Amino acid sequence: MGAIISGLGISLPDNVLTNADLERMVDTSDEWILTRTGIRERRILPKDSPLLASDLGAAAALQALQRAGVRADQVGAILVGGIVPDMQFPSTACIIQEKIGAKNAFAFDITAACAGFVYGVNMASLLIDSGQCDHVLVIGAETLSRAVDWTDRNTCILFGDAGAAAVLSRGPKDRGVIRSLLRSDGGAADILKLGNLAHGTACINMDGKHVFKLAVSEVSRVVVDTLALEGLTAANLDLFVAHQANVRILNAIGEKLGLPEEKVMVNVQRYGNTSSASVPLALFEAEAEGRLKPGMLVGLAAVGGGMAWGCNLVRW
Ligand code: COA
């Protein structure tokens with residue numbers, strides 16, 4: 001049996017922050033942001049909103065369950081990626097478990113920053129393949145706006161808030177997650193980080209150029225390596241859904257892989273970088289646009305602070 005993605009769900013704040021809004025906040029311009037990143041707008045929770053990462057994650061999870069036709073009490077595990085957890089502990093995953101009533105699940109957070117979803121899909125498929133779980137929720141629950149220095153033009157233009165979720169379920173053998181490959185390099189920990197409140201560095205800090213280069217070279221490499229393990233090449237991919245950090249990164253990876261534009265999913269222009277929510281949010285929109293058809297070979301990939309990156313190959 002395969003571990004198929006049986007349902008997707010999203011939850012987005014209503015509040016839209018445009019590049020024009022950012023022009024009034026920091027020394028930047030719509031033109032600079034658009035040419036360097038491709039981002040036009042992002043969703044941001046209002047400063048006084050009582051909503052937490054778990055609220056976005058729980059709403060997305062409930063929609064994913066409903067679309068999968070799976071009850072919350074059938075979920076065996078909940079894996080949550082997120083850069084700003086509700087609390088240091090308990091995990092956001094446990095808080096979401098309670099909010100959605102998944103009383104038979106075990107739940108924990110995955111600290112792999114923007115790669116959290118791809119890491120989670122790998123773990124979920126192993127839990128299903130091993131027979132331990134029938135259904136696993138993998139969720140990106142991100143309130144990045146609370147970790148952004150809104151006076152730092154290098155970073156504040158990039159990020160957005162979102163929740164997005166996928167239910168992975170036991171399905172037919174010829175569908176689902178075929179293969180995953182994950183990699184990490186703690187030697188690059190300094191190039192993208194969010195410090196600890198206790199150390200007074202609780203804002204996202206980034207060496208943008210370094211992150212850019214690593215993202216392009218390592219994501220393309222891990223996708224090629226994952227495909228090679230199955231005797232495949234990028235030419236076999238029907239759709240590539242990668243972490244939406246920057247349209248220039250997506251274009252550069254697409255070019256390295258030799259993928260035509262129409263095979264590379266791009267929605268970063270509307271949401272900015274939503275970290276671990278970005279891959280399931282892009283998948284959700286790809287499905288809504290009719291771009292995911294049964295039998296297609298779909299490549300998921302992401303890279304984030306750690307550095308941590310990886311790829312999942314999914315037969316849709
Ligand atoms: N508006 C206007 N100017 C800005 C700016 C902004 N929002 N942010 C930076 N600048 C300035 C810089 O200060 C620099 O000025 P200087 O030359 O006078 O020092 C200039 O623009 C060029 O900056 P540079 O760093 O060369 O731009 P870049 O082409 O590398 O683009 C990023 C910057 C951040 C968009 C790009 O490096 C990037 O996307 N990196 C990856 C980030 C990422 O995806 N992180 C998360 C991964 S999970």
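Quick caveat, the model's predicted, so the values are computed rather than measured. Counting begins at 1 with the first residue of the sequence. Each ligand, and each atom within it, is numbered from 1 in the order the structure gives.
By the 4.5 Å heavy-atom criterion applied to side chains, L313 and L227 are counted as neighbours. Within the 4.5 Å cutoff, the side chain of F159 has no heavy atoms near those of the I83 side chain. Looking at heavy atoms from C-beta onward, L239 lies out of side-chain contact with W316 at the 4.5 angstrom threshold.
Atoms of ligand 1 found under 4.0 Å from any heavy atom of I249, numbered from 1 in the order shown, are 44 (O). Residue V211 approaches ligand 1 through these ligand atoms, each under 4.0 Å from one of its heavy atoms: 43 (C), 45 (N), 47 (C). Heavy-atom contacts of H243 reach the following atoms of ligand 1: 48 (S) (cutoff under 4.0 Å). Shown in contact with C114 at under 4.0 Å from a heavy atom are these atoms of ligand 1, numbered in order with element: 48 (S). Of all atoms in ligand 1, numbered sequentially from 1 with element shown, those under 4.0 Å from a heavy atom of I157 are 7 (N). Heavy-atom proximity to T37, at under 4.0 Å, picks out these atoms of ligand 1: 35 (C). Each of the atoms 29 (O), 31 (O) of ligand 1 lies under 4.0 Å from some heavy atom of R248. Per-residue contacts place N246 under 4.0 angstrom from the following atoms of ligand 1 (heavy atoms of the residue considered): 35 (C), 38 (C), 39 (O).
Only side-chain heavy atoms of N273 come within less than 4.0 Å of ligand 1; its backbone N, CA, C and O stay farther off. When non-hydrogen atoms are compared, ligand 1 lies under 4.0 Å from the backbone of T28 as well as from its side chain.
In this structure, the protein non-hydrogen atom closest to atom 44 (O) of ligand 1 is A245 CB, 3.4 Å. With hydrogens left out, the protein atom closest to atom 40 (N) of ligand 1 is G208 O, 2.9 Å, a heavy atom. Here the heavy atom of the protein found nearest to atom 13 (O) of ligand 1 is R153 NH2, 3.1 Å. In terms of protein heavy atoms, atom 36 (C) of ligand 1 is closest to F212 CD1, 4.1 Å. For atom 26 (O) of ligand 1, the closest non-hydrogen atom of the protein is K209 NZ, 2.5 Å. The protein non-hydrogen atom at the shortest distance from atom 23 (O) of ligand 1 is R36 NH1, 4.0 Å. Protein heavy atom in closest approach to atom 34 (C) of ligand 1: M206 CE, 3.9 Å. At the top of the distance list for atom 9 (C) of ligand 1, counting protein heavy atoms only, stands N154 OD1, 3.1 Å.
Between the side chains of S180 and N312, a donor-acceptor pair is found at a separation under 3.5 Å. With 3.5 Å as the limit, one finds a donor-acceptor pair spanning the side chains of E142 and S276.
We find the OG1-CH2 distance between T155 and W150 to be 8.5 Å, quoted to the nearest 0.5 Å. The OG1 atom of T151 lies 9.5 Å from the CE atom of M25; values are rounded to the nearest 0.5 Å. Atom-to-atom distance recorded for K209:NZ and L214:CG is 15.0 Å, nearest 0.5 angstrom.
Contact annotation: I33 has no heavy atom less than 4.0 Å from any atom of ligand 1. Ligand 1 does not have L22 within reach: every non-hydrogen atom of the residue lies 4.0 Å or more from it. In this structure, D27 counts as a contact residue of ligand 1, since one of its heavy atoms falls inside 4.0 Å of the ligand.
Of the protein's heavy atoms, none falls inside 4.0 Å of atom 19 (O) of ligand 1. Not a single protein heavy atom sits closer than 4.0 Å to atom 32 (C) of ligand 1. Using a 4.0 Å threshold on non-hydrogen atoms, atom 4 (C) of ligand 1 counts as touching the protein.
Note on M265: it does not cluster hydrophobically with F240, by side-chain heavy-atom contacts below 4.5 Å among ILVMFWY residues.
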Given L22 and C156, is the side-chain contact (heavy atoms from CB on, under 4.5 Å) satisfied, shown in steps?
-> CA-CA 8 Å; L22 282 161; C156 75; 4.0 Å; yes
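One finds a salt bridge joining R67 and E287 here, because a Lys/Arg side-chain nitrogen approaches an Asp/Glu carboxylate oxygen to under 4.0 Å. Between D225 and R183 there is a salt bridge, with a side-chain nitrogen of the basic residue lying less than 4.0 Å from a carboxylate oxygen of the acidic one.
Across L45, L12, I10, a single residue satisfies side-chain contact (heavy atoms from CB on, under 4.5 Å) together with L56, and that is L45.
In plain terms, the two heavy atoms of L192 and G304 that are nearest each other are CD2-C, 4.2 Å.
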